[in-house]
Undergrad: 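First the structure, then my questions, so here it is.
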Amino acid sequence: MTGKRFLTFLAHRGIPASCFAQRLGCRLSSIKKLQSCDKVPRHYINMLISEFGVYLTGRDLVLLEGA
């Protein structure tokens, strides 16, 4: 999954990038830099699942696991 698609995925699920950054304990600028990545590092996807898993559907989880 590209960084741009990942950030779009977050936005469509109602998860602001700033909230995601806060939960990860990193800067918003680090999350915004993902937009230029060809592939999102796996630890960001794992943290999304662990922090926001209750808000994700089964289809979302399958999409993220395949990323």
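As the structure is a prediction and not an experimental result, all values here were calculated from the model.
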Undergrad: What's the separation between atom CG in Leu56 and atom CZ in Phe52, rounded to the nearest 0.5 Å?
TA: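 One gets 9.0 Å once the value is rounded to the nearest 0.5 Å.
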
Undergrad: So which atom in Gly3 and which in Val40 form the shortest heavy-atom distance, rounded to 0.1 Å?
TA: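 It is CA-CG2, 3.7 Å.
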
Undergrad: Just grab all the side-chain hydrogen bond (donor to acceptor under 3.5 Å, both in side chains) pairs involving residues 15-33, residues at least two apart or on different chains.
TA: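 Counting only pairs at least two positions apart or across chains, no side-chain hydrogen bond (donor to acceptor under 3.5 Å, both in side chains) contact touches residues 15-33.
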
Undergrad: Determine the minimum heavy-atom distance between Pro16 and Gly14, stating which atoms define it.
TA: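 Smallest heavy-atom distance, with atoms named: CD-O, 3.3 Å.
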
Undergrad: Does anything in residues 4-15 form a salt bridge (Lys or Arg N to Asp or Glu O under 4.0 Å)? List the pairs, not counting sequence neighbours.
TA: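 Matches after skipping sequence neighbours: Arg13-Asp60.
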
Undergrad: Between Asp38 and Thr2, is the side chain to side chain contact (heavy atoms under 4.5 Å, CB included) condition met? List the steps.
TA: CA-CA 5 Å; Asp38 291 333; Thr2 66; 5.6 Å; no

Undergrad: Would you give the length of the straight line joining atom CG of Leu24 to atom CE of Met47, rounded to the nearest 0.5 angstrom?
TA: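 So the CG of Leu24 and the CE of Met47 are separated by 4.5 Å.
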
Undergrad: Supply the atom-to-atom distance Leu10 CG to Tyr44 OH, rounded to the nearest 0.5 angstrom.
TA: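 Taking CG in Leu10 and OH in Tyr44, the distance rounds to 11.5 Å.
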
Undergrad: Over 60° means perpendicular and under 30° means parallel, so classify the ring planes of Phe6 and Phe9, tilted if in between.
TA: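 It falls in the parallel class, under 30°.
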
Undergrad: Does the pair Leu48 and Ile15 meet the rule for a side chain to side chain contact (heavy atoms under 4.5 Å, CB included), with working shown?
TA: CA-CA 10 Å; Leu48 173 66; Ile15 303 170; 4.0 Å; yes

